[in-house]
Amino acid sequence: MVNVIGLGYIGLPTALMMASHGVEVVGTDYNEGLVATLNAGRITFKEEGLDDLFEAAVASGITFTTEYQACDTYIVSVPTPYDKVDKKIDPRYVVEAVRTVLGVAPEGATLVIESTISPNTIDRFVRPLLEGAGRADVGLVHAPERIIPGNMVYELVHNNRTIGADDPAVGERVAALYASFCEGEISVTDIRTAEMTKVVENTFRAVNIAFANELAKVCRIGGMDVYEVIRIANKHPRVNILQPGPGVGGHCIPVDPWFLVGDYPETANFIRLALQTNASMPEYVLRRAHEAMAERGIADLARVGVYGLTYKEDVDDVRESPTLQLLEAQAEHLSGGAMRVYDPWVEADVVPNQVHSMGEFLDGLEMVIVMVGHSQVKGRPELFGDRAIVDPRNVMGDGENVYKL
Ligand code: SAJ
């Protein structure tokens with residue numbers, strides 16, 4: 001039996017996927033409300049294909065509880081925030097989960113950490129717990145997740161995976177467990193390499209996006225179309241530049257690279273600069289919006305609306321979202337009314353001046369900043385009538401009322 005600890009964005013789909021492929025799974029989360037919701041037959045976040053997967057897993061007998069189970073394999077997928085000041089990982093949830101697992105795990109159990117962790121986290125924070133508890137019998141594994149929100153269910157099945165283990169035989173056993181549903185290639189390696197590859201993958205993406213964002217700024221100054229430049233440069237067989245945008249959000253790309261900067265502050269300078277470049281984008285969008293307001297003679301921020309609160313299109317996750325960063329910067333720099341905010345994917349009230357329908361949002365607006373290219377608006381500038389559109393995602397076409405990055 002597998003006990004998945006932490007039923008969030010990664011733990012839940014993983015637990016459901018295993019269960020629906022014939023593995024006996026119990027999902028555990030300390031959040032009673034979340035467990036009650038799942039037990040009432042409702043999933044806890046929106047994701048393509050998750051409803052069907054949930055149904056299949058329930059039909060296969062998955063159960064949800066707040067209790068840790070006695071079983072042969074544990075998969076820990078709890079959050080790993082980072083300390084915003086010293087940029088280092090905060091391992092408290094992993095530590096707590098491992099401690100609790102060790103209290104119930106039978107002899108010879110396998111403990112898989114799926115949460116994203118910085119290189120050496122297992123040596124520094126997890127291994128000492130096992131040693132302290134005299135549990136050399138527990139097989140330690142790191143199996144970092146790789147699935148992208150918006151396409152999680154597909155990627156769980158099709159992505160390649162990494163399994164880092166102290167004991168290669170334990171690694172192969174865990175690889176076989178993941179192979180119950182994973183059709184990608186599974187590389188078995190040691191734990192530190194697995195830790196590092198995960199952070200390196202997200203750092204690669206952060207650096208590539210930072211490059212695109214810097215190009216956008218250069219092209220604006222030079223009077224060039226950055227999208228055309230990138231489109232054509234990418235025709236080169238060895239060039240693959242990502243897209244510039246209003247900033248980088250989510251719980252991964254703007255967070256994980258800081259683990260390297262935090263641990264190697266003297267050395268990881270290039271990575272730090274990339275992160276700073278990405279973090280500068282919401283304020284850059286605000287400056288563009290200001291230019292557009294001046295050009296259009298719009299003085300009152302109450303006439304300006306921000307469309308999109310999530311960190312990217314067609315997800316409901318607002319963590320570290322560029323819009324939240326933009327609103328923070330606005331509060332610091334601008335006065336004269338407050339911008340209205342709308343996101344069809346976000347039902348809860350997350351920020352002041354948030355409205356919950358497109359009609360209410362557009363009423364009396366003269367300008368819209370499209371921070372997220374949800375399918376609702378992508379390629380449909382007519383939805384905004386003759387209002388000015390600030391379009392840092394390049395999803396609204398080329399009208400004369402459209403202001404790009
Ligand atoms: N973004 C851009 N330009 C781009 C691509 C993305 O500005 O060309 C922005 C997005 O709008 C968003 C942010 O970057 O604000 C991050 O979004 P994302 O779609 O690039 O990535 P995530 O955070 O949803 O998922 C990433 C993925 N990592 C990689 O592709 C290397 C995913 O595979 C990981 O599993 C996930 O991080 C994670 O949990 O680590």
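This is a predicted model, so every value here is computed, not measured. Numbering of ligands and ligand atoms starts at 1, following listing order. Residues: numbered from 1 along the sequence shown.
- For Glu24, the CD atom counts as loosely surrounded, since its 6.0 Å shell holds 12 or fewer non-hydrogen atoms of other residues, nucleotides or ligands.
- The protein non-hydrogen atom at the shortest distance from atom 33 (O) of ligand 1 is Arg146 O, 2.6 Å.
- The shortest contact between atom 25 (O) of ligand 1 and any protein heavy atom is with Ile148 CG1, 3.7 Å.
- The closest heavy-atom contact to atom 21 (O) of ligand 1, among the options Val315, Ile253, Asp256, comes from Ile253.
- The part of Arg393 lying near ligand 1 is the side chain, judged by heavy-atom distances below 4.0 Å.
- In this structure the side chain of Met281 never reaches within 4.5 angstrom of the side chain of Pro246, judged on heavy atoms.
- For ligand 1, the polar-atom distance check finds no N/O of Ile10 at less than 3.5 Å from any of the ligand's N/O atoms.
- The residue from Val199, Val255, Ile209 that puts a heavy atom closest to atom 1 (N) of ligand 1 is Ile209.
- Among all non-hydrogen protein atoms, the one lying nearest atom 24 (O) of ligand 1 is Tyr311 OH, 2.6 Å.
- At the shortest separation from atom 13 (C) of ligand 1 among protein heavy atoms lies Gly249 O, 3.5 Å.
- Side-chain contact annotation: Tyr403 with Glu295, donor-acceptor N/O pair under 3.5 Å present.
- For ligand 1, the atoms lying closer than 4.0 Å to a non-hydrogen atom of Cys252 are 23 (O), 36 (C), 37 (O), 38 (C), 39 (O), 40 (O).
- Every atom of ligand 1 with a heavy atom of Pro149 under 4.0 Å away is listed here by number and element: 24 (O), 25 (O).
- Annotation for ligand 1: atoms under 4.0 Å from non-hydrogen atoms of Lys198 are 34 (C), 35 (O), 38 (C), 39 (O), 40 (O).
- With no hydrogens or angles considered, a side-chain donor-acceptor pair links Asn120 and Arg192 at under 3.5 Å.
- The single protein non-hydrogen atom nearest to atom 4 (C) of ligand 1 is Gln243 O, 3.6 Å, given as residue, atom name and distance.
- In this model, no donor atom of one side chain and acceptor atom of the other lie less than 3.5 Å apart for Thr277 and Asn213.
- Near Glu201, the atoms of ligand 1 lying under 4.0 angstrom from a non-hydrogen atom of the residue are 31 (C).
- Of the heavy atoms in His251, none comes closer than 4.0 Å to ligand 1.
- Within the 4.5 Å cutoff, no side-chain heavy atoms of Leu102 are placed close to those of Arg99.
- Looking only at heavy atoms of the protein, atom 30 (O) of ligand 1 is closest to Arg205 CD, 3.1 Å.
- Defined by atom type and a distance below 3.5 Å, a donor-acceptor pair is present between the side-chain atoms of Tyr307 and Gln376.
- The neighbour count for Phe211 CZ, taken as heavy atoms of other residues, nucleotides or ligands under 6.0 Å away, does not exceed 12.
- For the residue pair Asp317/His251, the side-chain donor-acceptor check at 3.5 Å is not satisfied.
- Between Ala143 and Val112, the shortest heavy-atom distance links the atoms CB-CG1, 3.6 Å.
- Closest to atom 19 (O) of ligand 1, if we only count protein heavy atoms, is Lys312 NZ, 2.9 Å.
- Between Tyr68 and Asn3 there is a side-chain heavy-atom pair separated by less than 4.5 Å.
- Looking from atom 31 (C) of ligand 1 to the surrounding protein, the closest heavy atom is Asn202 OD1, 3.3 Å.
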